Amino acid sequence: MKRKVIIQFLLSMSTLAILILIVNYTALYFLAGGPAFENGRTAAFAERFTHDFGQRIALQGGRPYVTPEGLEELDRQRAWIQILDESGAEAFAYHKPPHALTHYSPSEIAFFYKYAVQDFTVFISRVEDNGYHWSYMIGFPAETVAKYFLYISPKNVYTFFPNGLYILVGVTLGGTLIIGYLFARRLSRPVRTVIDAIRELADGRYELRLTPKGIYKDVYRSLLHLSSTLSSLRQHRDHVDRMREEWIAGLSHDLKTPLSSIKGYGEVLAETSYDLSPDERTGYASTIVRNAVYMEALLDDLRLTSQLKHNLLPMDKRESDVVRLLQETVILLLNSPEGEDRTISFDANPQTIPLSFDAKLLQRAFLNLLFNALVHNPAGTQVQVAVSGDESGVRVVIADNGVGISKEDMAKLFDRYYRGTNTAASHQGSGLGLAIARQIIEAHDGKVEVESRLGHGTTIYVHFPQT
């Protein structure tokens, strides 16, 4: 991996060096000899423009002048012109600057040609007519056209090409490769660290030792955050797996007891050698049915919580009176064996509160909550149910003055497969009652919260938003 990173980086640097050479050559060409752009149109080279301008000069009465087309070209280039006779005297001028002379000596003409004078760069050419030579100077604004003289030795030029060019390119590429290699090694080191860290995470080793620094410090922080998240998820998964195993063991025990009873009584009923009275047969059959119903309820809890978890349970939501639903739920529980000799008070404000809900499911949720308040508390525990409604929604409070719930149990109260430590020894259940209750309430867009302390009872708050 390190070699691949270095090779790719060196190839990139080499390509960049070649591109820089091409760009430099192109820029030099355009700066030194390329076309000039003026007034939005392409003009000829200043020197070529001056040389070709002789075609715009004509004679009239033995005197030179510039044609109208030539004057337009000069205006477009913001240039001026002076035409001199063979003695250097001015014969014609157009847009001549104030500092321009009317007569030039050969040395002055050479000076003006070589150096910019008064913000103008001067180019000189000549035109011939019937054996008579006319010289002319054209001045361009210095900000548009400038001349810089380069002194070279032809011998050195001939010596330099082509070997010198090869040396220049080689030195450029070689220096680029060396610098690129050193930089690539430094650059690839943190990349290898990142790759190694990702491999450790992929192998399930989440204890990374990274120090966020350098240009990759944000990447290091992200990897450390990912490591912490994965470690927490693994701990949670292990916790859930342990709870599931404990729950399966408990559920197996709960199923084994009624199953043993069903098997035993079934064998007795099936054995013809036993002389059973009608009452005995009826009692055995009732026991078998009761245990079968219990097992069916356990399996129903499993199916229901799985459907709720994966949103597979169809819901028949209809607008109805939630106060009436709670009243029927309380009455149903009081008429059950678990509600015997128990006191449940009920209060509603107002007396009718409309809400959209699935009556069967929501009653199941409240039954689970109330049933939990009864079986986890001794006889004589008072349970209060209060329901109220306003513009913010519907609020149901289930409070008891029982033994309360420990902090350890509070943290796991609504977890699937969890059974509280203070459950009565005689009570058997799936350990899914409260988890199912919360899933049903959340499926109705509601929230459930619990407050409790050991020895001070428990209060459950259920809130549904107004529909």
Side-chain angles (χ1 to χ4, degrees), residues 247 251 254 293-339 344 346-348 350-376 383-389 392-400 412-420 427-450 458-467:
W247 175 79
L251 185 61
D254 290 345
V293 169
Y294 170 74
M295 294 176 63
E296 186 180 21
L298 290 180
L299 296 175
D300 183 62
D301 281 351
L302 282 175
R303 177 183 57 82
L304 180 59
T305 187
S306 178
Q307 288 178 319
L308 289 169
K309 179 181 179 181
H310 297 96
N311 296 320
L312 298 177
L313 185 66
M315 300 187 65
D316 183 19
K317 286 186 178 181
R318 299 181 184 182
E319 186 168 302
S320 186
D321 183 10
V322 70
V323 174
R324 181 178 179 182
L325 176 75
L326 283 166
Q327 287 175 334
E328 293 175 350
T329 304
V330 171
I331 293 172
L332 181 64
L333 187 60
L334 289 175
N335 291 330
S336 68
E338 292 80 5
I344 302 178
F346 184 83
D347 180 64
Q351 295 300 313
T352 300
I353 303 175
L355 184 70
S356 178
F357 57 87
D358 185 310
K360 183 179 179 180
L361 286 177
L362 198 58
Q363 188 177 64
R364 174 72 177 273
F366 286 127
L367 272 175
N368 288 357
L369 295 176
L370 289 168
F371 182 78
N372 185 76
L374 295 181
V375 301
H376 287 271
V383 179
Q384 297 177 339
V385 179
V387 55
S388 59
S392 64
V394 179
R395 180 181 176 91
V396 179
V397 180
I398 300 174
D400 66 66
K412 307 172 184 177
L413 192 61
F414 290 102
D415 288 350
R416 298 169 74 205
Y417 320 123
Y418 182 72
R419 292 177 176 179
H427 169 66
Q428 294 178 336
S430 65
L432 294 172
L434 291 182
I436 290 175
R438 184 178 69 173
Q439 287 177 304
I440 292 174
I441 291 171
E442 290 180 347
H444 286 78
D445 300 323
K447 294 191 303 181
V448 56
E449 298 176 348
V450 180
T458 301
T459 304
I460 300 176
Y461 300 95
V462 179
H463 180 267
F464 299 101
Q466 191 60 262
T467 56

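Residues take their numbers from the sequence shown, with the count starting at 1. Source: prediction; values computed, not measured.
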Can you tell me how far the [atom1] atom of [X] sits from the [atom2] atom of [Y], to the nearest 0.5 Å?
| X | Y | atom1 | atom2 | value |
| --- | --- | --- | --- | --- |
| N372 | L413 | CG | CG | 6.5 Å |
| Q439 | R364 | CD | CZ | 11.0 Å |
| L370 | L333 | CG | CG | 6.0 Å |
| R318 | L355 | CZ | CG | 15.0 Å |
| L374 | S336 | CG | OG | 7.5 Å |
| D321 | I353 | CG | CD1 | 7.5 Å |

Any side-chain heavy atom of [X] within less than 4.5 Å of one from [Y]?
| X | Y | result |
| --- | --- | --- |
| H463 | E449 | no |
| F366 | V396 | yes |
| L369 | V462 | yes |
| L362 | F464 | yes |
| V323 | T352 | no |
| L304 | L361 | yes |

Taking all non-hydrogen atoms of both residues into account, name the closest pair between [X] and [Y] and its distance.
| X | Y | result |
| --- | --- | --- |
| Y461 | R395 | CD2-NH2, 3.1 Å |
| I441 | A365 | CG1-CB, 4.3 Å |
| A443 | M315 | CB-SD, 3.8 Å |
| P354 | E319 | CB-OE2, 4.0 Å |
| G389 | P350 | O-CD, 3.9 Å |
| L325 | F357 | CD2-CE1, 3.7 Å |

### Message
Using a 3.5 Å distance criterion without hydrogens, assess whether the side chain of D400 forms a donor-acceptor pair with backbone atoms of T458.
### Response
yes
#### Entry: Under 3.5 Å donor-acceptor, D358 side chain and D316 backbone
yes
### Task
Mind checking salt bridge (Lys or Arg N to Asp or Glu O under 4.0 Å) for D347 and listing every partner two or more places apart, or none if nothing turns up?
none
